[in-house]
Structures are given as C-alpha cells and as structure tokens.
Protein chains: 2
Amino acid sequence: MTSTIRPLKKKKVRQENEKIILDAAEKVFSEAGYGGATMQLIADVAGLPKANLHYYFPTKESLYRQVVQNIFNVWLVAAEVFDSATGPAEGLGAYIDAKMEISRRHPAGSKVWASEVMHRAPIIHDYLETALVDWTNDRIKVMQGWVEAGLMDPIDPRHLLYMIWATTQHYADFNHQIETLNHAQPLSDKQWQAAKRNIKRIILKGIGVPESELSRL
Amino acid sequence: MTSTIRPLKKKKVRQENEKIILDAAEKVFSEAGYGGATMQLIADVAGLPKANLHYYFPTKESLYRQVVQNIFNVWLVAAEVFDSATGPAEGLGAYIDAKMEISRRHPAGSKVWASEVMHRAPIIHDYLETALVDWTNDRIKVMQGWVEAGLMDPIDPRHLLYMIWATTQHYADFNHQIETLNHAQPLSDKQWQAAKRNIKRIILKGIGVPESELSRL
DNA sequence: CATCATCCTGACCATATGGTCAGGATAACA
DNA sequence: TGTTATCCTGACCATATGGTCAGGATGATG
C-alpha cells in the first residue's frame with residue numbers, strides 16, 4: 001500500500017508544505033501589504049513554526065517573490081483565451097470573462113500584484129520590463145489588426161487594454177468597497193453575472209462591435 | 001511690515017509644518033504602504049526631526065488618517081462637476097476628465113486610498129459606510145433618471161460607476177506599469193489627452209450616447 | 001522686561017521583527 | 001540495522017521602529 005508512495009514521501013512533504021506556506025503568505029501579504037506582513041503571522045496562518053518557513057524560504061523577500069510569480073502565471077494562463085479568437089467580440093469577451101473569474105476566485109493574488117505594482121514593482125521590476133512588455137505588444141498588434149480589418153473602431157488598443165485590466169481587477173482589489181456598497185454583502189452569483197454582462201456590453205459596444213453581436217452576452 | 005503677520009506667526013508655523021509633514025507622509029505612504037512606511041523616513045523627506053512629527057501628530061496612525069481624509073476631500077470636490085450636468089455625455093465626460101486630472105496631478109493620494117481600501121479600509125471604515133455610500137446612492141439615482149429619460153442605455157449605473165473609478169484611478173495607481181509599457185517614459189501631454197479621449201469615447205459610446213455627441217470629445 | 005504658551009529636539013526605551021543555529025526527529029536506502 | 005539526507009523547531013540575537021521626555025529656544029503678551 002505504501003510501496004508506491006514511499007519513495008515520494010519526502011518530496012511530497014516539501015511540495016505540500018510549500019503550498020501551505022505560499023497560500024498563507026498570499027493571504028497575509030494581500031491583507032497587510034509587504035511591509036505590514038510578518039513572518040510570524042504567516043506562520044500562524046499556515047499552522048507551522050516560524051523557523052519552518054525559513055527552512056523552505058530563506059528570506060521574507062524570497063517568499064514574497066514566489067507569491068508574485070505564481071500570480072503572474074495565473075494572469076498568463078487566463079490570457080490564452082485571447083489568442084484563439086477571430087475578433088474583438090469573441091476575444092475580448094472571453095478575456096473579460098476570464099479576468100473577472102480570477103477576480104472572483106483569486107482576489108488575494110490580484111491585490112498582491114496591485115500592491116507590488118503600485119509601489120513601483122521593486123521585486124518584479126524585471127518581469128514587467130520583459131514578460132509583460134512582450135505580452136502586451138503582441139496583443140496590441142492583434143487588436144491593431146482588428147482595427148485594420150474593420151472589426152472595431154480606430155481605438156488605441158493600449159488604452160483599451162488598460163481599461164479592461166483596470167475594470168476587471170477592480171472587482172478584486174476593491175472588493176471591500178464594492179461589498180460595502182452592496183449592503184455589506186459579497187456579490188451574489190447573479191450580481192457577478194450582471195457585472196460581467198455590463199462590462200462586456202459597455203466595452204464592446206464602446207469600441208464599435210455591432211449590436212447584433214452583443215445579444216449573445 | 002511684520003505688524004500684520006506677527007499675531008499669526010505661531011499659527012502659521014503650525015499650519016506650514018503640518019502641510020510639510022502631510023505632503024511627505026502622503027509620498028512615503030504611497031511608496032511604501034502603511035506598514036512599510038517609517039516615521040523616520042517621513043521625517044527625513046519632510047526635513048524635520050522625527051520627534052517633531054510626533055509633536056504635531058501624536059501617532060503614526062493619526063498622521064495616516066489625516067492623509068486619507070485629505071484625499072477623500074479631493075475626490076468629493078472633483079465629483080461636483082457631475083451634478084450640474086444635464087445628461088451623461090456632459091456629466092460623465094466632465095467627471096472622467098476631472099478624475100483623470102487628479103490621477104495625473106495627485107497619483108500619490110490615489111495610491112494611498114487604493115492601498116487603504118485594498119486592506120479592507122481598517123482606518124476609514126466608517127467613511128466608506130456613510131459618506132461614500134450616500135454619495136454613491138445619490139449619483140446612481142441621477143444616472144437612473146438618465147436611463148428613464150432615454151439619454152442612455154439601460155445599464156446598471158453601479159457597474160458603470162465602478163468602471164469609471166477603476167479606469168481613471170488605474171492611471172494613477174498603476175502609473176509605474178503604464179510608464180514601463182511606454183518605453184519607461186511618463187505619459188506626455190498628448191498621451192494624456194489621448195487617454196482621456198479614448199476612455200470617454202469607449203464609455204460614452206458604450207452606454208448609448210449618440211455618435212453626434214461624441215465628436216466634441 | 002517678565003511671564004507664558006508654543007515650538008523644537010537629542011537621547012532614550014520597550015517592543016517587535018527578520019533571521020540564525022544547534023540539535024533532534026523522520027524516512028530513504030544500502 | 002546502520003548511515004545518510006531531509007525535515008523540523010525552540011531558543012536566541014542584532015536591529016529597527018514607534019513612541020516618550022526633559023529641557024531648551026522662540027515668539028506672543030502685558
């Protein structure tokens with residue numbers, strides 16, 4: 001019974017503990033910020049002694065860096081829906097849906113990312129300058145192609161992209177404000193659907209997608 | 001010559017020093033977060049000894065609270081343009097312009113606000129529940145009126161408002177990311193104008209403002 | 001000029017924090 | 001079973017931080 005597991009036992013322990021620590025760290029960093037978070041609090045949330053964190057992650061900064069990198073990967077995966085699309089209604093619509101889903105399921109990650117960028121990205125500076133720049137330029141070209149094909153109005157794709165990022169991430173980063181304005185209640189399933197529908201409708205109609213294609217939202 | 005000033009000299013000193021400290025604090029809080037900011041660093045930026053800060057502001061938290069309240073007032077003033085408007089094109093257009101101008105001139109304040117809300121508004125909780133809720137409900141009624149008057153599509157005003165907040169504040173909160181994506185350069189005058197124009201066009205067209213009214217952007 | 005309130009600050013303190021380490025426990029493996 | 005690599009942790013340390021305070025400077029007031 002243990003024969004197949006035994007050789008992996010130790011490796012599994014490492015894998016599991018790193019996950020526990022990273023989850024706790026993401027939560028604490030998102031709630032307190034990098035400076036406000038303490039290794040002791042992360043340890044308490046993880047249910048481990050503080051020294052154990054330092055066994056897996058030598059410094060607070062290395063732990064934080066790993067958290068941010070994980071989030072960036074989530075972004076990238078979500079963006080894949082963008083690529084297989086044939087036009088703005090499909091591509092941007094799916095992208096907005098995917099980002100809203102992340103904001104709903106993964107708000108802590110979004111907050112850590114926002115906090116990092118707001119503070120001039122001291123830790124992931126290089127990521128922004130390479131991976132993000134490349135990714136962005138690629139999508140801008142795609143959207144530029146849509147403009148030239150007459151599939152959308154001659155909008156500057158850059159500002160369109162910022163608007164999508166801003167709006168979708170707002171539902172994660174400012175979820176406390178949104179809940180406060182919703183009678184102190186989290187958004188219900190219906191309200192999340194309504195949010196997605198409103199956002200997609202305004203943006204897609206705003207860039208010139210014909211009304212006939214909007215009905216499917 | 002000094003006769004008119006003399007009786008105010010001491011009061012003026014207080015006023016000036018409080019302003020110097022608050023400006024320094026806003027800058028440092030926005031760059032480091034509440035937990036990452038130190039009274040020593042704020043003192044250095046202000047060019048005053050640390051003990052002097054504690055003379056005017058007894059605790060770090062009281063200083064921070066004052067910074068956040070000042071920002072909230074800036075928001076409120078900017079929102080006044082909303083009210084004198086006769087319809088969405090004029091009202092929302094002016095509101096977007098005003099908020100973009102704040103994002104450009106006052107990014108540090110926006111970041112402090114964002115950080116505070118992201119961390120569940122521990123300091124200004126009561127503000128959100130009273131002032132912000134009241135303000136928001138009032139504007140929603142105005143927009144609801146516009147919908148009923150047929151001046152805009154039947155959009156949920158709440159999500160429209162969030163979209164405007166998110167997009168305009170994004171240019172302050174994520175200015176580092178935007179600059180990184182702009183060849184490490186701050187946006188020029190022209191680029192700021194283009195940003196405003198793109199945002200207003202997408203949102204206003206997206207909610208059904210007729211093309212004829214968009215040409216004036 | 002004398003008195004008083006306000007303003008200012010170097011030196012100091014208690015506490016909290018990131019990080020270390022020696023030594024012990026556990027499991028893989030020969 | 002003995003050896004080795006990995007895992008675990010209580011106790012400890014150096015440093016940084018928010019905050020205090022006694023005493024001095026400055027300007028208002030009468």
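Chain A is the first sequence line, chain B the second, and so forth, proteins listed ahead of strands; every chain is numbered from 1. Reckoned from all heavy atoms, side chains included, excluding hydrogens, waters and symmetry mates.
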Among the candidates [options], find the nucleotide nearest to the side-chain atoms of [X].
X: A:Thr59; options: D:dC21, C:dG19, D:dG19; result: C:dG19
X: B:Met39; options: C:dT6, C:dC8, D:dG18; result: D:dG18
X: A:Thr38; options: C:dC8, C:dG18, D:dG18; result: C:dG18
X: B:Pro49; options: C:dT9, D:dG19, C:dC7; result: C:dT9
X: B:Tyr55; options: C:dG18, C:dT9, D:dC8; result: C:dT9
X: A:Ala51; options: D:dT9, D:dC8, C:dG19; result: D:dT9

For the backbone of B:Thr59 and the side chain of B:Ser62, can you confirm whether one donor and one acceptor N or O come within less than 3.5 Å of each other?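 The answer is yes, because a donor-acceptor pair under 3.5 Å joins these two groups.
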Got a donor-acceptor contact below 3.5 angstrom from the B:Lys50 side chain to the B:Ala43 backbone? no
Write down the distance between [atom1] ([X]) and [atom2] ([N]), rounded to a whole number of angstrom.
X: B:Asn17; N: D:dA25; atom1: CG; atom2: P; result: 19 Å
X: B:Lys60; N: D:dT20; atom1: NZ; atom2: P; result: 15 Å
X: A:Ile21; N: C:dG18; atom1: CD1; atom2: P; result: 15 Å
X: A:Gln40; N: D:dT9; atom1: CD; atom2: P; result: 13 Å
X: B:Glu18; N: C:dT6; atom1: CD; atom2: P; result: 14 Å
X: A:Asn52; N: D:dA11; atom1: CG; atom2: P; result: 16 Å
X: A:Lys50; N: C:dC21; atom1: NZ; atom2: P; result: 14 Å
X: B:Lys12; N: D:dG27; atom1: NZ; atom2: C1'; result: 15 Å

Given DNA chain C, 5'-ward residue of the pair B:Leu53 and A:Gly35, judged by closest heavy atom: B:Leu53
Are B:Phe82 and B:Trp146 close enough that their ring centres sit under 6.0 Å apart? yes
Can you check whether A:His159 and B:His170 have ring centres sitting under 6.0 Å from each other? no
C:dC7 OP1/OP2 closer than 4.0 Å to side-chain N/O of B:Arg14: yes
Would you indicate what B:Ala37 reaches in the nucleic acid, counting non-hydrogen atoms under 4.0 angstrom: base, sugar-phosphate, or nothing? sugar-phosphate
Tell me whether B:Lys60 forms a cation-pi arrangement with B:Tyr34, defined as NZ or CZ under 6.0 Å from the six-membered ring centre and within 45 degrees of its axis.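 Pair B:Lys60/B:Tyr34 counts as cation-pi.
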